[in-house]
Amino acid sequence: MKTYTPSRAPCPIARAARVLGDRWVLLILRDAFLGVERFEDFVEGLAINRAALTSRLVILQDAGLMVRDPPEGKRARYCLTESAHALVPVYAEVARWSAAHLYGEGETVRAWPR
């Protein structure tokens, strides 16, 4: 299982990469920004296996980007913190960059947020 250990690197990009440098973390946050809160909804929407999702949600909680409500028990919601919400402009800029540089001629760009 993946775990989170905060980076001690002097570079802020390196520190951010420790948390955000994982494909699943980026996609979990994207879906959370779009309103997904329940474990089963993340599994279904991302087609991620349960162990991978569990470890990434723990990383996001340990990094202070999500909280689990309630902390114990079933049917919890995973809620974004203020720190996570501060990433919305970053996601919007990544989406703009991707639309401008990663789509071929004639490909349809899906708007984010959708």
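Atom OG of Ser55 is separated from atom CG of Asp62 by 11.0 Å, given to the nearest 0.5 angstrom. Between Leu102 atom CG and Glu107 atom CD the span is 9.5 Å, to the nearest 0.5 Å. Interatomic distance, CG of Leu87 versus CG of Leu29, reported as 6.5 Å (0.5 Å rounding). Taking CG from Asn49 and OG1 from Thr54, the interatomic distance works out to 8.5 Å, rounded to the nearest 0.5 Å. Rounded to the nearest 0.5 Å, atoms CD1 (Ile28) and CZ (Arg23) are 10.5 Å apart. Distance check: Trp24 CH2 to Leu60 CG gives 13.5 Å after rounding to the nearest 0.5 Å.
A chain of hydrophobic side-chain contacts below 4.5 Å, direct or via other Ile, Leu, Val, Met, Phe, Trp or Tyr residues, connects Val19 to Val88. At a threshold of 4.5 Å between side-chain heavy atoms, the hydrophobic network of Ile, Leu, Val, Met, Phe, Trp and Tyr places Leu20 and Leu53 in one connected group. Hydrophobic clustering (ILVMFWY, side-chain heavy atoms < 4.5 Å, transitive): Val109 and Leu27 are in distinct clusters.
Taking each heavy atom of Pro89 and Ala86 in turn, the nearest pair found is CD-O, 3.3 Å. Here the closest heavy-atom approach between residue Ala14 and residue Ala9 is recorded as CB-CB, 3.7 Å. The shortest heavy-atom contact between Gly64 and Ser83 is O-CB, 3.8 Å.
The aromatic rings of Tyr78 and Phe39 lie tilted to each other, with the angle between the two planes from 30° to 60°. The aromatic rings of Phe33 and His85 are tilted relative to each other, their planes meeting at an angle between 30° and 60°.
Of the possible donor and acceptor atoms, none in the side chain of Arg18 sits under 3.5 Å from a partner among the backbone N and O of Tyr4. Judged purely by atom type and a 3.5 angstrom limit, Arg15 has no side-chain atom pairing as donor or acceptor with the backbone of Pro6.
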Give the C-alpha distance, both sets of side-chain angles, the deciding distance and a yes or no for salt bridge (Lys or Arg N to Asp or Glu O under 4.0 Å) between Glu40 and Arg75. CA-CA 9 Å; Glu40 294 302 327; Arg75 297 294 302 157; over 6 Å; no
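Leu26 has its side chain within reach of Tyr91: a pair of non-hydrogen atoms, C-beta onward, lies under 4.5 Å apart. No side-chain heavy atom of Thr108 sits under 4.5 Å from any side-chain heavy atom of Tyr103. Here the side chains of Met66 and Leu80 are in contact, with some heavy-atom distance below 4.5 Å. No side-chain heavy atom of Val94 sits under 4.5 Å from any side-chain heavy atom of Trp112.
The salt bridge (charged side-chain N to carboxylate O under 4.0 Å, His left out) search around Glu37 returns Arg77, not counting sequence neighbours.
Applying the salt bridge (Lys or Arg N to Asp or Glu O under 4.0 Å) rule to pairs touching residues 87-101 yields Glu93-Arg96, sequence neighbours excluded.
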